[in-house]
Amino acid sequence: MKKLMSFMAVIFSIMAFTQQGKLRKVAAVGFLNVENLWDTIRSADYIDGTKDIRNPAFHRSIPMDSIKFLEAEKYDGPWSDGALNGKKAVRYQSGSDEFTPSSGKNYNTKIYKAKLANEAKVISELGAQYTKTAPAVVGLIEVENRQVIEDLVKQPVLAKYDYGIIHYNSYDYRGIDVALIYQKRRFTPTNSLKKELKVFGDDGKREYTRDILVVTGFLDNEKVAFFMNHWPSRRGGEAISLPKRNAAAALLKQQMDSIRAADPSTKLFAMGDFNDDPVSASLKNHLKAVASPKDLSETTPYLNLMYPLYKKGIASLAYQDAPNLFDQIIVSKNLVFDQVTKEYSVYKAEIFAPPYLVNKEGNYKGYPFRSWNGDQFTGGYSDHFPAFVILQKEP
């Protein structure tokens with residue numbers, strides 16, 4: 001089995017942030033795939049369409065034992081917020097039974113607590129070699145519900161940073177979502193929403209997948225927007241599934257273009273697991289994320305920060321025993337400057353792969369140290385390496 005190459009990012013000194021004797025102000029923005037962060041309780045989604053769509057109670061996760069106490073109708077229609085307006089329905093999660101004490105995984109409180117501690121450790125260290133603190137904003141991929149995020153930010157290594165949470169339940173067939181956490185003293189959200197990605201199989205039936213999470217606000221008093229992504233997988237083959245990721249790219253571009261048109265000064269960050277490489281058609285042709293700052297223009301205003309890493313052979317995971325860089329960060333051109341100014345700009349982007357996140361032996365030596373080997377909990381972290389970008393400006 002081939003080993004993945006070049007996972008380890010070069011660690012530079014914090015002294016890289018000195019210029020003519022002055023320290024720069026820095027911030028880290030990153031994300032990680034927490035590889036199936038589920039609680040131990042069998043649950044379902046309860047949609048109460050009588051509530052405002054922005055109310056977390058509109059679509060929430062509930063224990064299976066609670067269903068009998070809730071008003072709900074038999075529902076056979078399409079699963080979307082619009083279709084469920086005014087209705088009350090229960091949606092069962094296909095993944096919920098897998099992560100319980102009675103499953104083959106024997107997923108119990110001890111394992112859950114170990115998962116939380118592991119993911120919290122990674123978050124606390126993202127970009128810390130540059131910033132000497134935890135990241136200001138962190139995207140999360142593969143969370144079951146809001147409760148697991150609340151449990152995560154209460155972990156001792158994260159609690160002191162007072163992270164806020166932005167999360168919406170999706171209609172994903174397994175029941176996993178994306179989310180955003182943020183240090184309240186650094187980032188002030190002004191609006192958030194989810195954009196449902198509607199893709200269809202060969203039979204014409206809708207395939208339910210993750211939403212794109214859109215969050216706007218102020219990062220250290222600068223207007224920013226974050227777009228969290230977990231695009232459709234390559235299940236069934238790369239070519240066959242590509243149209244679904246092309247659709248995700250088109251939806252993401254529409255959202256980014258819309259915010260940019262409303263206020264061109266807003267700095268945009270699109271990040272997540274795109275299930276494609278930087279050179280794939282979805283990112284190059286549909287999102288039109290360019291590879292180099294020299295290619296930025298009014299018609300191509302988005303830069304893929306991971307392209308140089310991809311060209312160097314750096315990867316964030318192994319898909320079907322081949323290295324891929326699916327975990328990417330894409331930014332708008334107003335974050336790309338030749339010199340340090342009084343506004344944030346990109347210093348550098350990295351794939352985070354310290355030794356403890358890397359398998360050290362066996363068939364998967366060099367791969368991410370994932371949490372699960374079949375039904376066996378390994379004590380590991382994720383099947384993806386996280387990514388982050390360091391921002392800098394004059395103090």
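Position 1 is the first residue of the sequence; numbering continues from there.
Between Phe31 and Val138, the shortest heavy-atom distance links the atoms CA-CG1, 4.2 Å. Ser192 and Val215 get closest at one heavy-atom pair: CB-CG2, 4.1 Å. When all heavy atoms of Trp79 and Val90 are compared, the pair lying nearest together is CH2-O, 3.4 Å. Here the shortest heavy-atom pairing between Ile166 and Leu213 reads O-CD2, 3.8 Å. In terms of heavy atoms, Ala136 sits closest to Tyr163 at O-CE2, 4.2 Å.
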Stepwise salt bridge (charged side-chain N to carboxylate O under 4.0 Å, His left out) check, Lys195 with Asp211: CA-CA 5 Å; Lys195 294 301 294 184; Asp211 304 319; over 6 Å; no

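Under the 3.5 Å distance criterion, the side-chain polar atoms of Asn275 are matched with a main-chain donor or acceptor of Trp231. Side-chain atoms of Asn145 never come within 3.5 Å of backbone atoms of Val143 as a donor-acceptor pair (strictly under, hydrogens ignored). Remark: the backbone N or O of Phe337 is not paired with any side-chain donor or acceptor of Ser345 at under 3.5 angstrom. Side-chain N or O atoms of Ser241 include one that pairs as donor or acceptor with a backbone N or O of Gly237 at under 3.5 Å. Checked by atom type and distance alone, the side chain of Glu196 pairs as donor or acceptor with a backbone atom of Asp81 at under 3.5 Å. For Asp263 (side chain) and Ser265 (main-chain N/O), a donor-acceptor pair under 3.5 Å exists by modelled atom type. Not one N or O on the side chain of Arg174 forms a donor-acceptor pair closer than 3.5 Å with the backbone of Ile176.
Applying the 6.0 Å contact sphere to CG of Asp52 captures more than 12 heavy atoms from other residues, nucleotides or ligands. Within a 6.0 Å radius of NZ in Lys294, no more than 12 heavy atoms belonging to other residues, nucleotides or ligands are found. Around atom OH of Tyr307, no more than 12 heavy atoms belonging to other residues, nucleotides or ligands sit under 6.0 Å away. For Lys360, the NZ atom counts as densely surrounded, since its 6.0 Å shell holds more than 12 non-hydrogen atoms of other residues, nucleotides or ligands.
Using a 30° and 60° split on the angle between ring planes, Phe99 and Tyr107 fall in the perpendicular class, above 60°.
Applying the side-chain contact (heavy atoms from CB on, under 4.5 Å) criterion to Gln376, with sequence neighbours excluded, gives no partner residue. Applying the salt bridge (Lys or Arg N to Asp or Glu O under 4.0 Å) test to Lys88 and every residue at least two apart in sequence or in another chain returns Glu71. With sequence neighbours excluded, the residues that form a salt bridge (Lys or Arg N to Asp or Glu O under 4.0 Å) with Lys105 are Glu98, Asp375.
Once rounded to the nearest 0.5 Å, the distance linking OG of Ser124 with CG of Leu158 reads 6.0 Å. Between the CZ atom of Arg60 and the CD1 atom of Ile47 there is a distance of 10.0 Å, given to the nearest 0.5 Å. Residue Ser382 holds its OG atom at 4.5 Å from CG of Asn33, rounded to the nearest 0.5 Å.
Using modelled atom types, one finds no donor on one side chain facing an acceptor on the other under 3.5 Å when comparing Arg260 with Asn334. Judged by distance alone, the side chains of Tyr344 and Asp220 do bring a donor and an acceptor atom under 3.5 Å apart. For Ser280 and Ser282, the side-chain atoms include no donor-acceptor pair closer than 3.5 Å. When only modelled atom types and interatomic distance are considered, Asp383 and Tyr367 share no side-chain donor-acceptor pair under 3.5 Å. A side-chain donor from one of Asp151 and Tyr112 sits under 3.5 Å from a side-chain acceptor of the other. At a cut-off of 3.5 Å, with distance as the only test, no side-chain donor of Lys244 or Thr209 sits close to an acceptor on the other residue.
Under a 4.0 Å N-O distance rule, the pair Asp162/Arg185 does not qualify as a salt bridge. Between Asp76 and Lys74 there is a salt bridge, since a side-chain N of the basic residue sits under 4.0 Å from a carboxylate O of the acidic one. We find that Glu222 and Lys393 are joined by a salt bridge, their nearest charged nitrogen and carboxylate oxygen being less than 4.0 Å apart. Using a cutoff of 4.0 Å between basic side-chain nitrogens and carboxylate oxygens, Arg42 and Asp97 are scored as salt-bridged. Taking a cutoff of 4.0 Å between a charged side-chain nitrogen and a carboxylate oxygen, Lys25 and Glu394 do not qualify as a salt bridge. Arg245 has no carboxylate O lying under 4.0 Å from a charged side-chain N of Glu238, or vice versa, which leaves the two without a salt bridge. In this structure, Arg234 pairs ionically with Asp276, as a charged nitrogen and a carboxylate oxygen lie closer than 4.0 Å. The pair Glu142-Arg210 does not count as a salt bridge, with every side-chain nitrogen at least 4.0 angstrom from each carboxylate oxygen. In summary, Glu350 and Lys348 engage in a salt bridge, as defined by a charged side-chain N under 4.0 Å from a carboxylate O.
Aromatic rings of Phe226 and Phe187 (six-membered ring for Trp) have centroids within the 6.0 Å cut-off, being under it. For an aromatic pair to be called close, the ring centres must be under 6.0 Å apart, and His59 with Tyr171 satisfies this.
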